[in-house]
Peer 1: 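Quick one: structure below, then a few questions.
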Amino acid sequence: RVSPRASGLGDNSAARSRLCRVAAPLILEFTDEHAWPLDISVFHDLRMIIEETTHWRSPFSVDANMAGSHLPMLRSSAGRAYLSFCDDKERQIILDLLENEADPLDQPFLQTNWVNENLKTYRNQGYATRGPKAFRPKTSSLAVPVMLENRVVGCLSIIWITSAFSMTEATSRYATKLIELSQIG
């Protein structure tokens, strides 16, 4: 008889399932307390895929149905966080594949100086950010990696309406809280 774990062979779905199972009640509690929506996303096929979200619960979400949505790697805080914390070899493969896709929206972010400066900064500070000019003009976001055995398995992101507060204020309020939340479980 085939065990339920067999379906996860080769695609990391067991880790994703565990991540979502542990994270779902925690992100609901966070949104209930802070009002802003959170997303749990995972890397798949050169995109970050939102697996769990509290957009539906947040009174301030401008994107109510985000579960299953694809986020660009270089223009989303989740993608930037993932790239900052994955191993060097994986990062280079992803960047090479994104370069080959030749998406014109990604080109400014594929410049060597942008990649080297920003991904290093994100890793050193423990989180990545996205302003409204990079993606989704009404919102900004901040994301932290979710690590399992020294490997990034997903990202936790908070999204807010850009006019509500500055990036500096957002990082002051939420960066440490998200880092702590990503380490629970």
Peer 1: Run the numbers on Leu98 and Glu101 for side-chain contact (heavy atoms from CB on, under 4.5 Å), then give the verdict.
Peer 2: CA-CA 5 Å; Leu98 289 170; Glu101 274 194 341; 3.9 Å; yes
Peer 1: Tell me the closest heavy-atom pair linking Tyr82 and Arg151, and the distance in Å.
Peer 2: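 Here Tyr82 and Arg151 meet closest at OH-NH1, 4.4 Å.
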Peer 1: Please determine if Arg130 forms a cation-pi arrangement with Phe135, meaning its NZ or CZ atom is less than 6.0 Å from the six-membered ring centre and no more than 45° off the ring axis.
Peer 2: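 Here Arg130 fails the 6.0 Å and 45° test against Phe135.
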Peer 1: Rounded to the nearest 0.5 Å, how far does CD1 of Ile161 lie from CD1 of Ile159?
Peer 2: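 One gets 11.5 Å once the value is rounded to the nearest 0.5 Å.
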Peer 1: Side-chain contact, heavy-atom cut-off 4.5 Å: Arg173 with His34?
Peer 2: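 They are not in contact (no side-chain heavy atoms under 4.5 Å apart), so the answer is no.
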Peer 1: Can you list every pair that meets side chain to side chain donor-acceptor pair (under 3.5 Å) and has a residue in residues 106-121, with sequence neighbours left out?
Peer 2: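 Every side chain to side chain donor-acceptor pair (under 3.5 Å) pair that includes a residue of residues 106-121, provided the two are not neighbours, is Arg75-Asp106.
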Peer 1: With side-chain contact (heavy atoms from CB on, under 4.5 Å) as the test, would you mind laying out the steps for Leu38 and Leu178 before giving the verdict?
Peer 2: CA-CA 10 Å; Leu38 295 183; Leu178 259 61; 4.2 Å; yes
Peer 1: Hey, could you give me the OG/CE distance between Ser141 and Met167, rounded to the nearest 0.5 Å?
Peer 2: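 If we round to the nearest 0.5 Å, Ser141:OG and Met167:CE are 7.0 Å apart.
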Peer 1: Quick one: sort the Phe165 and Tyr174 rings into parallel, tilted or perpendicular, breaks at 30° and 60°.
Peer 2: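 Correct class here is tilted.
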Peer 1: Tell me whether Ser58 contacts the main-chain N or O of His55 through its side chain, where contact means a donor paired with an acceptor under 3.5 Å.
Peer 2: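 Pair absent, no side-chain N/O of Ser58 close to backbone of His55.
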Peer 1: Please give me the minimum heavy-atom distance between Ile179 and Val144, naming the atom from each residue.
Peer 2: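 Answer, listing the atom of Ile179 first, then Val144: CG1-CG1, 3.6 Å.
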Peer 1: Show the nearest heavy-atom pair for residues Met73 and Leu83, with the distance to one decimal.
Peer 2: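 Closest heavy-atom pair between Met73 and Leu83: CE-CG, 3.9 Å.
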Peer 1: Grouping I, L, V, M, F, W and Y whenever their side-chain heavy atoms are under 4.5 Å apart, do Phe85 and Leu97 come out in a common cluster?
Peer 2: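 Phe85 and Leu97: one cluster.
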Peer 1: Would you name the heavy atoms of Asp103 and Leu105 that are closest together and state the gap between them?
Peer 2: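 Scanning both residues, the minimum pair turns out to be OD1-N, 2.9 Å.
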Peer 1: Answer yes or no: is there a side-chain heavy-atom contact under 4.5 Å between Phe30 and Leu181?
Peer 2: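 A side-chain contact under 4.5 Å exists here.
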Peer 1: Using side-chain heavy atoms (C-beta onward) and a distance below 4.5 Å, is Leu142 in contact with Trp160?
Peer 2: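 They are in side-chain contact.
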Peer 1: Please name the pair of heavy atoms, one in Thr31 and one in Pro37, separated by the smallest distance, quoted to 0.1 Å.
Peer 2: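 So the two residues come closest at OG1-CA, 3.9 Å.
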Peer 1: Before you tell me yes or no, could you show the steps for Trp36 and Thr54 under side-chain contact (heavy atoms from CB on, under 4.5 Å), namely the whole-Å CA-CA distance, both residues' side-chain angles and the distance that decides it to 0.1 Å?
Peer 2: CA-CA 8 Å; Trp36 297 103; Thr54 61; over 6 Å; no
Peer 1: Could you measure the distance from the CD1 atom of Ile93 to the CG atom of Asp88? Nearest 0.5 Å is fine.
Peer 2: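 The CD1 atom of Ile93 sits 11.0 Å away from the CG atom of Asp88.
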Peer 1: With a 4.5 Å cut-off on side-chain heavy-atom distances among I, L, V, M, F, W and Y, is there a chain of contacts connecting Leu26 to Trp56?
Peer 2: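 No, Leu26 and Trp56 fall in different hydrophobic clusters.
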Peer 1: Test of understanding: with salt bridge (Lys or Arg N to Asp or Glu O under 4.0 Å), list the residues that count as partners of Glu99, not counting sequence neighbours.
Peer 2: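 If we apply the salt bridge (Lys or Arg N to Asp or Glu O under 4.0 Å) test to Glu99, skipping adjacent residues, there are no hits.
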Peer 1: Return the CD1 to CD1 distance between Ile49 and Ile40, rounded to the nearest 0.5 Å.
Peer 2: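 Ile49 atom CD1 to Ile40 atom CD1 measures 14.5 Å (nearest 0.5 Å).
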Peer 1: Please evaluate residues Phe109 and Arg80 with respect to the criterion side-chain contact (heavy atoms from CB on, under 4.5 Å), reporting the C-alpha separation (whole Å), side-chain torsions for both, the decisive distance (0.1 Å), and the verdict.
Peer 2: CA-CA 10 Å; Phe109 305 104; Arg80 292 171 177 181; 3.2 Å; yes
Peer 1: For the residue pair Gly126 and Pro145, what are the closest heavy atoms and their distance?
Peer 2: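 In terms of heavy atoms, the two residues are closest at O-CD, 3.7 Å.
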Peer 1: Using the rule that two of Ile, Leu, Val, Met, Phe, Trp, Tyr join whenever any of their side-chain heavy atoms come within less than 4.5 Å, decide whether Met147 and Phe43 are in one cluster.
Peer 2: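 Yes, one cluster joins them.
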Peer 1: Could you measure the distance from the SG atom of Cys86 to the CD1 atom of Ile94? Nearest 0.5 Å is fine.
Peer 2: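 It is 4.5 Å, given to the nearest 0.5 Å.
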Peer 1: State the OG-CZ distance between Ser41 and Arg47, to the nearest 0.5 angstrom.
Peer 2: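 Interatomic distance, Ser41 OG to Arg47 CZ, rounded to 0.5 Å: 13.5 Å.
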